[in-house]
Enquirer: 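For reference, the structure I am asking about is given below.
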Amino acid sequence: MEMTVFLCEDTIEGILTGVYDGWASRKGHGNLRLQLAGESNLELFCQYQTVRPDMVKAEKVRCAIRQKISAEAWEMVYTAAMSLDPGKADAIYRFLTGGFHYGAQVTRMLAEPAVQKLFFLSRQVINESHHYQEFLRFELTENHILAARIRPKNNITAMIAPHFADRISGEDFLILDVGRSLAAIHPANRLWYLTRLSKEQTDRLSSGQPDIYRDLWKTFHDSIAIPDRINPKLQQSLMPFRFREFMPE
Amino acid sequence: MLIRESLTIQQKLEILSDAAKYDVACTSSGTDRQGRPGTIGNTAAGGICHSFAADGRCISLLKVLLTNACIYDCKYCVNRASNDTVRTYFTPEELCSMTIQFYRRNYIEGLFLSSGILQSPDHTMELLYQTLYLLREKYRFWGYIHVKAIPGADPALIRLTGRLADRMSVNLELPTAQGLKMLAPAKTRTRLLTPMRQIQQGIAASRLPTGGGSSRQGTLFPLSGEKPAPISADPAADFPASPDAASFSDLPARFPPADYAKHSRFVPAGQSTQMIVGATPETDHQILSVAQALYRQFDLKRVFYSAYSALNEDSSLPAPGTPPPLLREHRLYQADWLLRFYGFTADELLSEEQPYFNLLLDPKCHWAIAHLEQFPVEVSQASYAMLLRVPGIGVKSARRIVAARRYSRLDFPALKKMGVVLKRAGHFLTCGGKMYHPIRLDQTYLANTLAAADQNQRLRIEGSFQSFRQLSLFDDFHLAPPSGEDAPKALFGQF
């Protein structure tokens, strides 16, 4: 039978709708594939079908994963969907075919290639979001808002925002993913939300305000190192350059 | 001693963080506390490192001294009374606003406050308590605080401070009592262990009502042979009132019970300590045995090792300029992990005859090579405890193996994907009866291979390149050089 490729939008809704449509098409798991729209070249002997993101279908899939597999599996699927890997849509589909067959135990079946792949993607995203909990830096803007800029590989803004919302709940802050122009905005003592910012809005945020505490921090950072043990390579491997773009030190 | 007051906060920070940098502990782990409306800060159980200094050590907390003035003259310490340096101090307000402002910007996880001894231990401890009180009550800071308990301070003060801190530590300074006597005549072993015992009992007492066991240790591997410290039902009874407690009876009046203390237990993240390595001639075996005793008898959360940086000139110390023994420190940390998470004991890793670690091999490989009779281990059958003993398998990958092998047969590529380091583990495992490398288990061969595999890691720690060694047939392949009358024969090929 000829291969059918489902083209989904690069969002969690898009991918889950793709999973739903693929499953509902009853073509057989071997005869279909999920792909992100706008990704790669077209192939011969393939039928292409564009998936229109549908909240209702996505919600059905989400509930099914949570009930028939486990909450842990849903967490893995969600984090993997935030990955930058172009093959993630199909990886999620393959994982779910196993998941709906084996149930909750699937998350422990690490010898299965489909589980391995998803586990790998999910771990990558979680690791990066943990790095940004560490290395993200807020700057005080003119109107006393704390603004942080990041340029992550994976789409992790929504994953780190809850951490900061819990931590500095009394602050107005925003976290801006510069590459995706995606921002998590947290008004003091209220819930945070995700939104897209326009070019001029993002430019306004990058004004270099003088900040005495930033200078104090640099002083501290320099004087806390032990001269006998200076080791730039070790420093670099623990804190790679790509995280340092917006760090004051 | 002259204390400079007319310094800017920038200069003070430079001096007081510079003076604090030889303290090694900078972890923010051990408590998981959610934020609360009206306060600032939460804590994560795993801890969060926020930056890495030029020496590659993590920066998690604002690590400063309250003051670098000190009445003691410990020979190894940069702040000893006889050193000629600028002395200054932070006011509690300065420290609090700096902590809060750094915290808001996500520079730090919290505060690590230590201090030189100003006037007396009691006075210093009271200053530390004041600072913590201000930070918790006025600034509503709910992030992480690590504070030093000052040996010799009144137990009442330590008890109060412990309610406001996440972690407390007392530095053991030197592994043995003799070393301490030689380098820090003003401190005695008993004086250091007293507050440590007090904190341990305080932690145990405050943990009991919540139903957790009195000890943190022993969940995975019960440490046998030690009597738990007797704990009475009434927590207050564990803190005998000291004779001079009267002088602190006004404390509750000046500082009404902290709001924070109602929500927190006594030192929830446990206590730690640190030992200086390389200033005195103790062996690795002695140091590790001390660490093991501390874990077992004092229920410590962590023991830190600090490679001694030779700064002070003294006849009883290594000469200034001696490089700090970084690799030795690293091996001690590796062994420390083996004690805490892998079920090893100090006497298994080292002995009186072999009191130092092999610098070329990590302690686990070293142990495995000396115990080849227990290897190779079959992945599908080995117990969890045995998997943990295989070099290249950590706690996480051992758990993954145990979980995954119930569902399918594991092969080497699958192990690799689970995070097992085959470079090391491959020599000691079989999958379905097959080895990864078709080689025999030979001590010399394995030692050389594993030491070579570990080389990059060693270079990373020492930050320098070691010179290459010329291959020697006699050393590497155990060929005996021709001796006596064989020599001329060998020369002329007349065998």
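Residue numbers begin at 1 in each chain, while the letters A, B, ... track the order of the sequences.
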Enquirer: Side chain from CB out, backbone as N, CA, C, O: work out which of these in Arg57(B) comes under 4.5 Å of a heavy atom of chain A, or both, or neither.
Expert: side chain

Enquirer: Could you look at Tyr407(B) and say if it's the side chain, the backbone, both or neither that has a heavy atom under 4.5 Å from chain A?
Expert: side chain

Enquirer: So how far is it from Arg105(B) CZ to Glu171(A) CD, rounded to the nearest 0.5 Å?
Expert: 9.0 Å

Enquirer: Select one option (side chain, backbone, both, neither) describing which atoms of Leu146(A) are under 4.5 Å from chain B's heavy atoms.
Expert: side chain

Enquirer: If you compare all heavy atoms of Glu134(A) against all heavy atoms of His50(B), which two are closest, and at what distance to 0.1 Å?
Expert: O-ND1, 2.8 Å

Enquirer: Under 4.5 Å, counting heavy-atom pairs only, tell me which of Gly46(B), Ser60(B), Ala44(B), Ser17(B) racks up the most with chain A.
Expert: Ser17(B)

Enquirer: Look up atom OH in Tyr22(B) and atom CG in Asp228(A), then write down how far apart they are to the nearest 0.5 Å.
Expert: 6.0 Å

Enquirer: Examine whether an atom of Glu329(B) lies under 4.5 Å from a heavy atom of chain A, and if so say whether it belongs to the side chain, the backbone or both; otherwise answer neither.
Expert: side chain

Enquirer: Is chain B contacted by the side chain of Asp211(A), its backbone, both, or neither, given a heavy-atom distance below 4.5 Å?
Expert: side chain

Enquirer: With a 4.5 angstrom heavy-atom cut-off, is it the side chain or the backbone of Ala19(B) that approaches chain A, or both, or neither?
Expert: neither

Enquirer: Of the non-hydrogen atoms in Lys21(B) and Pro227(A), which two are nearest, and what is the gap between them?
Expert: NZ-CD, 3.6 Å

Enquirer: Looking at Val115(A), Leu136(A), Asn189(A), which one has more heavy-atom pairs under 4.5 Å with chain B than the rest?
Expert: Leu136(A)

Enquirer: Could you grab the distance from atom CD1 of Ile168(A) to atom CG of Asn42(B), nearest 0.5 Å is fine?
Expert: 9.5 Å

Enquirer: To the closest 0.5 Å, what do you measure between CZ (Phe102(B)) and CZ (Arg214(A))?
Expert: 12.0 Å

Enquirer: Quick one: what part of Leu410(B) sits under 4.5 Å from any heavy atom of chain A, side chain, backbone, both or neither?
Expert: side chain

Enquirer: Where does Arg405(B) contact chain A at under 4.5 Å (heavy atoms): side chain, backbone, both or neither?
Expert: neither

Enquirer: Heavy-atom cut-off 4.5 Å, strictly under: side chain, backbone, both or neither for Phe119(A) against chain B?
Expert: side chain

Enquirer: With a 4.5 angstrom heavy-atom cut-off, which part of Arg123(A) approaches chain B: side chain, backbone, both or neither?
Expert: side chain

Enquirer: With salt bridge (Lys or Arg N to Asp or Glu O under 4.0 Å) as the test, would you mind laying out the steps for Arg167(A) and Glu109(B) before giving the verdict?
Expert: CA-CA 10 Å; Arg167(A) 167 161 290 202; Glu109(B) 269 308 280; 2.6 Å; yes

Enquirer: Check Ser169(A) against Pro37(B) and note the closest heavy-atom contact, atom names and distance.
Expert: OG-CA, 4.3 Å

Enquirer: Relative to chain B, which of Met109(A), His131(A), Arg137(A) shows the most heavy atom pairs under 4.5 Å?
Expert: Arg137(A)

Enquirer: If I measure from the heavy atoms of chain A, does Leu415(B) come under 4.5 Å with its side chain, its backbone, both, or neither?
Expert: neither

Enquirer: Roughly how far, to the nearest 0.5 Å, is SG of Cys58(B) from CE of Met239(A)?
Expert: 11.0 Å

Enquirer: In terms of the angle between their ring planes, are Trp217(A) and Tyr107(B) parallel, tilted or perpendicular, with boundaries placed at 30° and 60°?
Expert: parallel

Enquirer: For Ser223(A) versus Leu13(B), what's the shortest heavy-atom pair and its separation?
Expert: OG-O, 4.3 Å

Enquirer: Which of the residues Leu110(A), Ile226(A), Asp215(A), Ile212(A) is involved in the greatest number of heavy-atom pairs with chain B at under 4.5 angstrom?
Expert: Ile226(A)

Enquirer: If you round to the nearest 0.5 Å, how far is CZ of Phe173(A) from CG of Asn106(B)?
Expert: 10.0 Å

Enquirer: Specify the closest pair of heavy atoms between Ile224(A) and Lys63(B), including all atoms of both residues, with the distance to one decimal.
Expert: CD1-O, 3.7 Å

Enquirer: Counting only heavy atoms not in Arg244(A), do more than 12 fall under 6.0 Å of its CZ?
Expert: yes

Enquirer: Need one label for Gln133(A): side chain, backbone, both or neither, based on atoms under 4.5 Å from any heavy atom in chain B.
Expert: both

Enquirer: List the atom of Ser51(B), the atom of Glu249(A), and the distance in Å for their closest heavy-atom pair.
Expert: OG-OE2, 2.8 Å

Enquirer: Is Ser309(B) close to chain A through its backbone or its side chain, or both, or neither, when contacts mean heavy atoms under 4.5 Å?
Expert: both

Enquirer: Between Ile15(B) and chain A, with a heavy-atom cut-off of 4.5 Å, which part of the residue counts as in contact: side chain, backbone, both or neither?
Expert: neither

Enquirer: Please classify the contact between Pro113(A) and chain B as side chain, backbone, both or neither, with a heavy-atom cut-off of under 4.5 Å.
Expert: neither

